[in-house]
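Since the model is a prediction, treat every value here as computed from it, not as a measurement. Below, chains carry the letters A, B, ... as their sequence lines are ordered, and counting in each starts from 1. Atom set for the values below is all heavy atoms of this structure, side chains included, hydrogens, waters and symmetry mates excluded.
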Amino acid sequence: MAIAKSLKPVRIDQGSSAHWVLRVIGFGVIVYIALSPFFRDLKANEYGQLIDILVYGLAATSLNLLVGFTGQISIGHSAFFGLGAYTTATLMHNYGWATQWTFPIAVILCFVVGVLVGIPALRLTGIYLSLVTLALAQLFPALVRKFDNLTGGSRGIQNLRFDPPSWTGLSGSTVDRAIWLYAVALTFMVIGYIIVRNLVKSRVGRAMVAVRDNTTAAAVMGVNVAVVKTVTFGISAALCGLAGSVFVLRQTQANPDNVNYTILGAIIFLVIMVIGGTASLLGPIVGAVVYYRVDEFTRDLPNKDWLPTTAKDFLRDRPNLATVVFAALLILLMFVAPFGIVGFAKRIGRRFVLLVPRPPGGGGGQQAGATPEPVEAIPATPLETAALPTQGGP
Amino acid sequence: MTRSRPVRLVVLLAALAIVAAACSSDNKTSSGGEGSSGSGGTAQGGAYKVDTSNCPSDVNDKITGTVKIGTTMPLSGGAAAAAFAPVADGLKAYVQYANKNNVVPGYQLELSIEDDQFNPTLTTPAVEKLRDQNGVNLFSGMIGTGNNLAVRDSLNQDCIPQLLANSGDPRWGDAKNFPWTTGALAPYNTETTIYVDDIKKQFPNGTTAAVFNVNSDFGQDYRDTFQKLAGDAKIDIVDQQTIEGADSSPPTSQVTSIASKKPEVILAVPLGAQCPAFLKEVANAKAANAGWNPRIYITATCASTLLLALAGPAGDGIITIVSGKDVSDPKNANDPEVIKYKEAMQAYGFAPDGDYPTAGAGWAVGELTAQILKQAATSPDGLTRASIINAARNFDYHPSLARDGVKFVMNGETDTYMNEQEQVVQYNASSKTYTDIGSLNTSYEGKTEKPS
């Protein structure tokens, strides 16, 4: 760190060729990470873990659009997640639909419900809005049980299988099924990412950020606050529903007791978003990787060979300690990296490379590419996004 | 905005890829779980043989040296972990005992337990890890209905035995569609039927009853069976109350409602910590309604040492079923099997004052698994994944900790439930022991109604 401070960061102009090289490298790394599982000889369970991570990543990405960029807190996204899951499950099981056609229906349904839920968001902000979404989260499992002829009620729906189609050349073996579902999850993650990225980097995105930072000012500047808020809610819900659709196929069953369809699921999505980096495009994906791996790591601690036997025995006798270690690590992370991991990485990165934004009037500087950019919207303080996303509410 | 065109193209391509997947995907996608059923069933010689024609080729490979057994249990994550912790100890102790005493001749047993926190979302990756990283040959004694259901489909597709699911869900008896999955506990529907039989005996002229159940598939199994049988038994169901699975507050309003109808019988199916909470509420309601003393039939899953200790005097007089010996009852203290069990548990390192009845559930799973493996190893096919499930489905055995006369029987696709011989008992809270009501009920052996 001392060396870093003594060095002057390299200044790179936005849109310059050096910037482009950086972008291409960043993009290449991400593409490599995403596609390498197809070429590595992974075991089926490792693909399964990657699917879980992508599902969480997509759900957190959807939430990030709403909370991070538009400043509307939702702790009811588990309901959209569940709605997407149950749409796929019900259409497959009750109506014999082919799996792939259930995805668009889940997306549309969640969008519509999301817009409807977004309507109260026009009048409510902050904690009041989160209470409305909290009710939604509580309501969803109860509704699933209520309409049991559609959802299977408490008994749920089983045997939801999405076998690889023949054109993929994949067989029905365990590994091939896992690879196929990974491909599906990855495709949806990429689509979700591109949708969110394009929204955020467009005029709409600036309107969203304006609504978040000062609703009154945004309205004065001509932003249609009502449309921005409700449509964002809808899109966010739709993406979360898509994540749910993949999740239900990964689980091969839908059951209202599953934690991801309850309020706990919504909180997991929020935690992932926050640890990854609120209002950062890559944040939720990084957050999902870290959340999943840290959770896995702490639960597996008693089996680690490198720990002394006494420590292992100590942990074995206190199984709940894993949860405590996990929680402590998360708290520690929030102290070290209050803007999330991506925010932290950007801060470190700025010591070495300083991106000089193009002066206004120089034309749109947003290109296709997935490299995180230090110039994108970053919340002013961590508290603002974590607790009080809308400052200038009515 | 012109720059977004290539991105649109990417989205379009991705969408087309999905559509292409749609068009050429065959209709395997939503076809039930008939992984390896087909013609299956009973082969020549009368003994059940699982159909392995759709299985991976290694299903008939001989297992040599070490048999790897995998399971998932809630080891951390709150109430469930505390309640089930002794089960893991019982299972581990049996495996140690079996290896020391060469219970499965020529084989060492290796047990791997993964923690799923009672959360089915975690069961899937845990089971996959055991399958792919540890290379387990079979799963046995996984705890929880949802947890077992979460992997039932994939394990049946992979043709990996999923033995002795620690749950009484009747769905474990679906040998036609899921030949690789079997259950360990008394099926909930049979348990309810046995209660109704006892009600018929106690109230030959009919009676009034209330049902209190947790709002889950587990609670629903009891309620549905009870409703179905109520008419024939002249039971008038005067009230039905439910509680959500995650609800940890005492069911005051539900019990108040039940008490206002003063039923002579209550069928109670709470979950975990809700059991003592419910019994305490009923005790309060009885105190407030002099003369009302309902006969309470409570799910056997509530009748654990831990839960009944929490209920205290409120648990007095409840009726449930058991198939095992009460190892904590002083009257069984000299039983050689109980002595052997306790010695083995202590050799493993279990505390002398530990919860032996609950650990017994793990011990029983271990013993049954070892017995199945032994039978499979001595079969003409030798020990293979297929011979393991064949042995489980051609099974007739008296577990060491079962009550006298209790047999665990399975027979091909006809009798697909192992634990169907039950003793109705009444709990005495002051002596913390059970008193038998009538004799062992074996009339439902092989007769449990399979799910449609």
- Item | Pick from B/E244, B/R171, B/E114 with the largest number of heavy-atom pairs that fall under 4.5 Å of chain A |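 So the answer, after comparing B/E244, B/R171, B/E114, is B/R171.
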In terms of heavy-atom proximity below 4.5 Å to chain A, should [X] be classed as side chain, backbone, both, or neither?
X	answer
B/L122	side chain
B/P125	both
B/D89	neither

- With a 4.5 angstrom heavy-atom cut-off, which part of A/Y292 approaches chain B: side chain, backbone, both or neither?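 A/Y292 touches chain B through side-chain heavy atoms alone.
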- Message: Heavy-atom cut-off 4.5 Å, strictly under: side chain, backbone, both or neither for A/T174 against chain B?
- Response: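 Both backbone and side chain.
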Residue pair [X] / [Y]: nearest heavy atoms and the distance that separates them:
X	Y	answer
B/P120	A/Q251	O-OE1, 3.6 Å
B/D132	A/K43	O-CD, 3.0 Å
B/S216	A/S154	C-CB, 3.1 Å
B/E128	A/A44	OE1-O, 4.4 Å

Does a donor on one side chain sit under 3.5 Å from an acceptor on the other, for [X] and [Y]?
X	Y	answer
B/T121	A/N260	no
A/Q253	B/D153	no
B/Q157	A/R177	yes

- Query: For B/E449, does the CD atom sit with more than 12 other heavy atoms under 6.0 Å from it, leaving out its own atoms?
  - Reply: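 No, CD of B/E449 has 12 or fewer neighbouring heavy atoms, counting only those of other groups under 6.0 Å.
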- Query: Is there a side-chain contact (heavy atoms from CB on, under 4.5 Å) between A/N159 and B/F178 once you walk through the steps?
  - Reply: CA-CA 11 Å; A/N159 314 332; B/F178 299 99; 3.1 Å; yes
- Message: Whether the side chain of A/R145 engages the backbone of B/N215 through a donor-acceptor N/O pair (distance < 3.5 Å, no angle test) should be reported.
- Response: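 It does hold such a pair.
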- Start with the C-alpha gap between A/E46 and B/Q133, add the side-chain angles, then the distance that decides, and say whether side-chain contact (heavy atoms from CB on, under 4.5 Å) holds. CA-CA 9 Å; A/E46 292 165 326; B/Q133 307 289 337; 3.4 Å; yes
- Non-neighbouring partners of B/T192 that pass side chain to side chain donor-acceptor pair (under 3.5 Å), sequence neighbours left out: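 Checked B/T192 against side chain to side chain donor-acceptor pair (under 3.5 Å); zero matches.
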- Between B/D217, B/D169, B/D221, B/T145, which is the residue that forms a side-chain hydrogen bond (donor to acceptor under 3.5 Å, both in side chains) with A/R155?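 For A/R155, the side-chain hydrogen bond (donor to acceptor under 3.5 Å, both in side chains) check succeeds only for B/D221.
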- Query: Between CD of B/Q220 and CG of A/D148, what distance do you get to the nearest 0.5 Å?
  - Reply: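 Interatomic distance, B/Q220 CD to A/D148 CG, rounded to 0.5 Å: 6.5 Å.
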